[in-house]
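We name chains A, B, ... by the order of the sequence lines, and we start the count at 1 in each one.
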Amino acid sequence: MTADRMPEKPTLDGIDRKWAGAWESQGTYSFDRSATRDQVFSIDTPPPTVSGSLHVGHVFSYTHTDCIARYQRMNGKKVFYPMGWDDNGLPTERRVQNYFGVRCDPSLPYDPNFTPPAEPGKDQIPVSRRNFVELCEQLTIEDEKAFEDLWRRLGVSVDWKMTYQTIDAKARAISQRAFLRNLGRNEAYQTEAPTLWDVTFRTAVAQAELEDRERPGAYHRIGFKKPDGTPLYIETTRPELIPAVVALVANPEDDRYQLLFGTTVTSPIFGVEVPVVAHHLADPEKGSGIAMICTFGDVTDVTWWRELQLPTRPIIGWDGRILSEIPSWIETENGKAAYAALAGLTAHSAKEKIAELLRESGDLVGELKQITHPVKFFEKGDKPLEIVTTRQWYIRNGGRDQDLREKLVDRGRNITWHPDHMKVRYQNWVEGLNGDWLISRQRFFGVPIPVWYALDGEGNPIWDQVLTPKDEVLPIDPSTDVPTGYEEAQRGKPNGFIGDPDVMDTWATSSLTPQIAGGWSVDEDLWKRVFPFDVRPQAHEIIRTWLFSTVVRAHFEEDCLPWKHAAISGWILDPDRKKMSKSKGNVVTPLDLLDEHGSDGVRYWAASGRPGTDTAFDVGQMKIGRRLATKILNASKFTLMQGSAPASAISNPLDKALLAALAEVVDESTKAFEQFNYTKALEVAETFFWAFCDDHLEIVKDRAYGLQGDADSASAKATLNVALVVLLKLFAPFLPFVTEEVWSWFKDGSIHTSSWPTSSELRGGDAGLNQITAEVISQLRKVKSEAKVSMKAEISKAVITAPSDVISQIKLVAADLRAAGRVITEFEYAEGASPISIEIELAPTSD
RNA sequence: GGUCGAUUGGCGCAGUUGGUUAGCGCGCUUCCUUGACAUGGAAGAGGUCACAGGUUCGAGUCCUGUAUCGACCACCA
């Protein structure tokens, strides 16, 4: 072992870029696709949303995965570690609109010569869907470059030849193919039904995309008229929906309303007669115990409407405003006039207006009771969701089918979760589903739903006459492509066809990341080498979306789990223990961090966050990581400066003891990695390493210098060499840059493709001796520290008291201990009880 | 409302199947201008493990309850 490439003055400066470049040019992380499935470790990498900004959270969780990947690679696996970009979906649309100053109008024809203005203008330019998608692709490429640069700099060991975009042609084809196969097996279907609707984006949203937000509201106490003319009071937070009322409902057990069930009452102002009905979901404790059912105010209304078979009286349009046409069920002149006053208003304004009208008519009584209550929002939206009736596509997910639900819950049980308790989130979610997965979105930048509908003689769609494309023409866009047997001229014409205008939910495509990355249906050779994947790393807040939907798709298509393990990472919290978020302005730019602390330093911090545990953003940890990297550099330099000796020269008991202790560390680290516990793996290596530097390096210095003879010197050198190689390998998954730097001083090839250490070659010594040695040296130091003298002060006499077996062990390493402690006489021994105690006389100083 | 997790020295965290004086890092105190490293090294102070019960020869480590924090799910007239 020679280290002639070792620099005079080792430094961390510049090693990040140096090695990132070298790994790329040498293809260090290339996937070997000749490997068979059992030789492969495959990772279903989360494709980050590229329209978002780079975030320390990304650095955090991707480092975790990378540590696992690097361990597996060194442990002999061919690591399949692709990278994808999630550029499909609403966030990209919004960015493109603002960036280029355009908006998508699907009714426009494609303009191949369109170029966006240099500066976005005041008014957005309408463009065709295809033009819009092209702009999305153009912009996301820039974003993806920035992400890739960050990952390379961070040392994420993906194979950059294998990247995909969730909007690229391959992903679109796979997404459409999977959908069509779901359709063919009746796992996908369309239906017209009340749907949660975002009025800003004018699209349906799925249950998985909902979130509750606390909003102020007010109970309005409003009188309906009983047949005898006396009022029946209900309380509602949505008086603007009174024109949409179809019934009043109370609990069948509620004594107050027994006599009213089966009778009718009349709505105030609008004079519409509605029945009073009973249903167990009505809560006697809420409001006045009797509620109005409207079509539709909330999801409970939908349940009542469905189960009680009530009529449909929608008054809210897709834009969230009160429909302008006066509904047929409002027959009185007063009612029509009142409705006209509301028509066209937003729900918010209509609420104020109708409150005025009701106050004037005397039907609104008492003070408004202000409350805050949770309201459903689209997670990306900023207005409350409405419920409107629309035709949508669904994929079955157990929300309406107990049998399927149980099968999917069972799938979740068979995933090995890290940490284990995350499986409960999956179960909670699947067991709480109340409908199938709504996958159609009334948006543009996404994978089009690949179907057309035949039109009847009057040009109306025949919904159950779905026209599907042949597999080999995928991907298609039904707004520009033509179904077999038709011509473009027949689009929209009687007896012609019409394309489905919608796109699929972004999760309908990202639920197929194993298929997209693994080459399902396009590269079957690759597919059989990587699927099912070994691990899905991801964040816990998307268990209900990404993780669950991926399980659903694999269940249908492959009848198995998409992966064996789910490694769930936590969140980054700012120092106040609040979740870090962009809106709070506390986000730190990852590249700045890497510049300041080095990639290894930042990775060290990330690796200290345990799987599934939220972790504070802490530059202190990064500094410690950088200090560790510096220490590795210096300790390695020192070790290599001692020169080399063959491993056969290892004969000294202390040397063998050190390696025996190291063997235990190797075993612990390996075991931890096998359990995805990278934090523990780092911790055991780090603890040993500092002890190695502080004790062993100090203790064997004299011996390595040859002061105790050639044989002992060679033993010391050989031991240091072996230990160094093992330690560098143990750190390599965490600190890939500094370990590679040191490796390059004395080894050929990359440490990252070298083999993971095994403990068997290190065994043979007595690890306990290492411990005893450390205790004795610590005692010698303590005396000097308490005497406030230098560590090189000489000791003229030392009497060691310990049990006899310990004494005999100490005798084995006495020469090293005396040299390290500068004890100028032989030790004296006295038999005694544990622990070891030492009495010392310091040699007089000659000052 | 249901569920899951957390509660250990000033701060951030470990504590594996219950077993001698509860560990680590940061910070703090004192000391060492040692020839790999001052982006260093040595020694030291500081917790009885949220609270109340229980099981046990023995509990931070198992059980029950309470409190606080967080998350997920649900409710949302």
Could you tell me the separation between the [atom1] atom of [X] and the [atom2] atom of [N], rounded to a whole number of Å?
X: A:H421; N: B:A6; atom1: NE2; atom2: C1'; result: 9 Å
X: A:W429; N: B:U3; atom1: CH2; atom2: C1'; result: 15 Å
X: A:Y426; N: B:C72; atom1: OH; atom2: P; result: 19 Å
X: A:E664; N: B:U16; atom1: CD; atom2: C1'; result: 15 Å
X: A:R781; N: B:G44; atom1: CZ; atom2: P; result: 11 Å
X: A:I632; N: B:G40; atom1: CD1; atom2: P; result: 14 Å
X: A:E8; N: B:A36; atom1: CD; atom2: P; result: 14 Å
X: A:I543; N: B:C72; atom1: CD1; atom2: P; result: 10 Å

Check ion pair [X]-[Y] (N to O, under 4.0 angstrom):
X: A:E211; Y: A:R213; answer: yes
X: A:K623; Y: A:D600; answer: no
X: A:K631; Y: A:E686; answer: no
X: A:K225; Y: A:D363; answer: yes

Could you run down nucleotides 24-35 of chain B 5' to 3' and tag each one B, S or - for protein heavy-atom contact under 4.0 Å?
-> -SS---SSS-BB
Output side-chain donor-acceptor pairs under 3.5 Å for residues 669-676 of chain A, partner residues at least two apart or in another chain, one line each.
from: A:T670; atom 1: OG1; to: A:V666; atom 2: O; distance (Å): 2.7
from: A:T670; atom 1: OG1; to: A:W756; atom 2: NE1; distance (Å): 2.9
from: A:E674; atom 1: OE2; to: A:Y71; atom 2: OH; distance (Å): 2.5

Contact class for [X] vs. all strands (heavy atom < 4.0 Å): base, sugar-phosphate, or nothing?
X: A:E698; value: base
X: A:S608; value: nothing
X: A:D301; value: nothing
X: A:T300; value: sugar-phosphate
X: A:K376; value: base
X: A:A282; value: base
X: A:R626; value: nothing
X: A:W690; value: sugar-phosphate
X: A:T630; value: base
X: A:L281; value: base
X: A:Q207; value: sugar-phosphate
X: A:V249; value: nothing
X: A:D298; value: sugar-phosphate

Identify which nucleotide among B:A71, B:C37, B:G41 has an atom closest to any side-chain atom of A:W571, counting heavy atoms from C-beta outward.
->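 Given the options B:A71, B:C37, B:G41, the side chain of A:W571 is closest to B:A71.
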Measuring to OP1 and OP2 of [N], would you say a side-chain N or O of [X] lies under 4.0 angstrom away?
X: A:R425; N: B:U3; value: no
X: A:K631; N: B:G41; value: yes
X: A:R610; N: B:G15; value: yes
X: A:K286; N: B:C75; value: no

Distance check, [atom1] atoms only: [N] and [M], in whole angstrom units.
N: B:U16; M: B:C57; atom1: P; answer: 23 Å
N: B:G65; M: B:C26; atom1: P; answer: 41 Å
N: B:A59; M: B:C37; atom1: C1'; answer: 44 Å
N: B:G27; M: B:A71; atom1: C1'; answer: 30 Å
N: B:U20; M: B:G25; atom1: C1'; answer: 26 Å
N: B:U3; M: B:A74; atom1: C1'; answer: 10 Å
N: B:G23; M: B:G9; atom1: P; answer: 14 Å
N: B:G15; M: B:U33; atom1: C1'; answer: 40 Å

Geometric cation-pi criterion A:R544 and A:W429, 6.0 Å radius, 45° cone | yes
A:K701 charged N/C atom sitting above A:F638 aromatic ring, 6.0 Å / 45° = yes
Identify, between A:I371 and A:C693, the residue whose nearest nucleotide on RNA chain B lies closer to the 5' end.
->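 Between the two, 5'-proximity favours A:C693.
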Comparing A:V424 and A:N434 on RNA chain B - which has the more 5′ nearest nucleotide |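 Whichever sits nearer the 5' end wins; that is A:V424.
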So which nucleotide does [N] pair with, by the Watson-Crick or G-U wobble rule with both distances under 3.5 Å?
N: B:A42; value: B:U30
N: B:C57; value: B:G19
N: B:G9; value: none
N: B:A14; value: none
N: B:C51; value: B:G65
N: B:C4; value: B:G70

Which is it for A:D198 and A:L385 under the side-chain contact (heavy atoms from CB on, under 4.5 Å) test, yes or no, and what are the steps along the way?
-> CA-CA 5 Å; A:D198 185 282; A:L385 291 174; 3.9 Å; yes
Is there a donor N/O on one and an acceptor N/O on the other, under 3.5 Å, for the side chain of A:D212 and the base of B:C75?
-> yes
Indicate whether any N or O donor in one side chain lies under 3.5 Å from an N or O acceptor in the other, for A:Q779 and A:E775.
->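 Their side chains do not contain a donor-acceptor pair, so the 3.5 Å distance test is not met.
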Check the side chains of A:E307 and A:H279 for a donor-acceptor pair under 3.5 angstrom, ignoring hydrogens and angles.
->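 Per modelled atom types, A:H279 and A:E307 side chains form a pair under 3.5 Å.
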For the residue pair A:H64 and A:F60, categorise the inter-ring angle as parallel (less than 30°), tilted (30 to 60°) or perpendicular (more than 60°).
->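 Ring orientation, 0 to 90° scale: perpendicular.
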